Number of protein chains: 2
Amino acid sequence: MQKRIPLTPDSSRCSTCMLNNLCLPVGMSTIDISRFEEVVQERLRIPKGESLFEAGERADAIFGIRVGSLKTQLEDASGHVQVTGFLLPGEIAGLDGFLEGHQLSHAVALEDTEVCVARVDEIDRVAAHIPSLQQQLRRLTSTEMKRSHQLVVSLGVLRSEQRLAAFLVNMSQRLSILGYSSSEFILRMSREEIGNYLGLTLETVSRLFSRFARENLIRIHQREVKLLDLPALRDLAGTDCG
Amino acid sequence: MQKRIPLTPDSSRCSTCMLNNLCLPVGMSTIDISRFEEVVQERLRIPKGESLFEAGERADAIFGIRVGSLKTQLEDASGHVQVTGFLLPGEIAGLDGFLEGHQLSHAVALEDTEVCVARVDEIDRVAAHIPSLQQQLRRLTSTEMKRSHQLVVSLGVLRSEQRLAAFLVNMSQRLSILGYSSSEFILRMSREEIGNYLGLTLETVSRLFSRFARENLIRIHQREVKLLDLPALRDLAGTDCG
DNA sequence: CGGCCCGTTGACTTACATCAAGATGAGTGG
DNA sequence: CCACTCATCTTGATGTAAGTCAACGGGCCG
């Protein structure tokens, strides 16, 4: 269902990609980026609803998101699903799996999505010559860890309204880094997916959105959100929003 | 408050340590272990209640636990604490910090504890010659990630009794690997710490312990636990206990 | 012995889940 | 273009798991 897109010499590459200051090449010199580029030999298109990878699969690559968005989720033995994150352009999918050779989670496209494929063996081969790449991989892994910790804190100590406020503020921050409006955006995931991610039911999420709207913190219509009072939301969330 | 113990040539080392098949040297050949040993130049003694490291500190080492146990916790801006894990002998503390140069969490000794110090620069220096070390670091990082994910699932989808059952089964598993009884052990942490870890209050934890005891799943007196019906606990937890 | 954590247990409250009944909107086919 | 279905979302009524508040008991340490 995924469509492979081999990269020809004249395809657009990392060095000309708008996202190269967010994605894997963060912090690399122009020269390092051009050396790194050869690691990325192809792209994949994943239609909405399809999987980029599933838990247990051999993990021989990590994926930089070019356009679109993904959710990652875990399933336990009894079939329960826990959404562990939403990934936006410039962010990297498959980091947890890459560390141990097979995927730990299941990544599904929330909309038609395109990712750049960086094969692990290529990375290892090239990393010897690009110290900043090793460093960047460590940094990304650490970020992933922090995200996971943040989620633990959110699920462990925050109340539902705080979790949802933190979620909105976090989305706003990440979207604004991508150059989108930090106050007005479209949620690519359903109420159910948000709820699952935050350890709430879809009804609770819906009710909270309605309440936030009533309190003039946001305006919301289906998946279009407008944050009317970001400071108040930030305050509600308890300042740090991962 | 920490007491440094420099290692002299005749100190006991990794190659003679009982834990070397659990700790950092897992999967290394005898030769690799003896090369790895030189990374560990000292140990630290941390008295009960004292910190091994605190969030924000420069992270220039990782720590293999020799004897004792630790808890790791995060504090958010508003001072809320979330316990993120308990570490037993043979397990490694400070992995998350090591990836990005400063500690993300706060590690506190639950009892008088002794750890082996592996400095990051030493590791990086030696890693070039010991491929199994690089691999082992990746594996440990991945394990850490899995643990965190497991906790997310636990907090997100399990009910209180399931969380506590999973906690007991998990402790039992880890202790039996260390050669202790898998059915009878002493909890080194308070009800409050368990509760915080599992996203519950100390009263709920206490009540659940009492209920488990009433249902003959366990016997418990203060911090001494005896698991009477491990299969039932496993079943209650939902099979996989990280 | 007395003080102090720590753990237990009970009575009460509440935040969130569950159950259930419409609305709203996107997609499809006549 | 309208009528249909199906997904998703909203809102209300009710239930319940777990939190809160409070009193008490048991170990442990000076």
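Proteins come first, then strands; the chains are lettered A, B, ... in the order of their sequence lines, and each starts at number 1. Note that this is a predicted model, so its numbers are computed, not measured.
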Looking only at the side chain of B:H221 (C-beta and beyond, no hydrogens), which of the listed nucleotides C:dG7, C:dT9, D:dG27 gets closest?
D:dG27
Could you check D:dA7 for me: syn (within 90° of 0) or anti?
syn
Carboxylate-amine/guanidinium contact A:K48 A:E111, below 4.0 Å
no
Dot-bracket pairing map - DNA chain C, Watson-Crick plus G-U, both contacts under 3.5 Å, | cross-strand
|||||||||||||||||||||||.||.|||
More than 12 heavy atoms of other residues, nucleotides or ligands under 6.0 Å from CD of A:E42: yes or no?
yes
For nucleotides 12-18 of chain C, give me one character per nucleotide, 5' to 3': B if any protein heavy atom sits under 4.0 Å from the base, S if the only such contacts are to the sugar-phosphate, - if neither.
----SSB
Rounding to a whole Å, what distance do you find between B:M189:CE and C:dG7:C1'?
16 Å
Whole-Å distance separating the CG atom of B:L208 from the P atom of C:dT9
12 Å
Does atom CZ of B:R159 have more than 12 heavy-atom neighbours, drawn from other residues, nucleotides or ligands, at distances under 6.0 Å?
no
Round to a whole Å and report the spacing from CD1 of A:I220 to C1' of C:dT24.
14 Å
Here the pair of heavy atoms bringing A:G64 nearest to A:C23 is CA-SG, 4.2 Å
Separation of D:dG27 atom P from B:E224 atom CD, nearest Å, is 10 Å
Quick check on side chain to side chain contact (heavy atoms under 4.5 Å, CB included): which of B:L88, B:I65, B:L178 does B:L22 satisfy it with?
B:L178
How long is the line joining CZ of B:R214 and P of C:dT9, in whole Å?
7 Å
Could you list all the ring pair (Phe, Tyr, Trp, His ring centres under 6.0 Å) pairs where at least one residue sits in residues 43-84 of chain A, not counting sequence neighbours?
A:F53-A:F63
Rounded off to whole Å, could you give me the CG-to-P distance for the B:L202 and C:dT8 pair?
10 Å
In terms of side-chain geometry, is the basic nitrogen of A:E224 or A:R219 positioned less than 4.0 Å from the acidic oxygen of its partner?
no
Other residues, nucleotides, ligands: >12 heavy atoms within 6.0 Å of B:R223 CZ:
yes
Using whole Å, what does the distance between atom C1' of nucleotide D:dC9 and atom CD of A:E192 come to?
11 Å
Under 4.0 Å: is that the gap between some side-chain N or O of B:S206 and OP1 or OP2 of C:dT9?
no
Spell out, as yes or no, whether a donor-acceptor pair under 3.5 Å connects the side chain of A:T113 to the backbone of A:S69.
yes
Distance in angstrom units between A:E111 CD and C:dA26 C1', rounded
17 Å
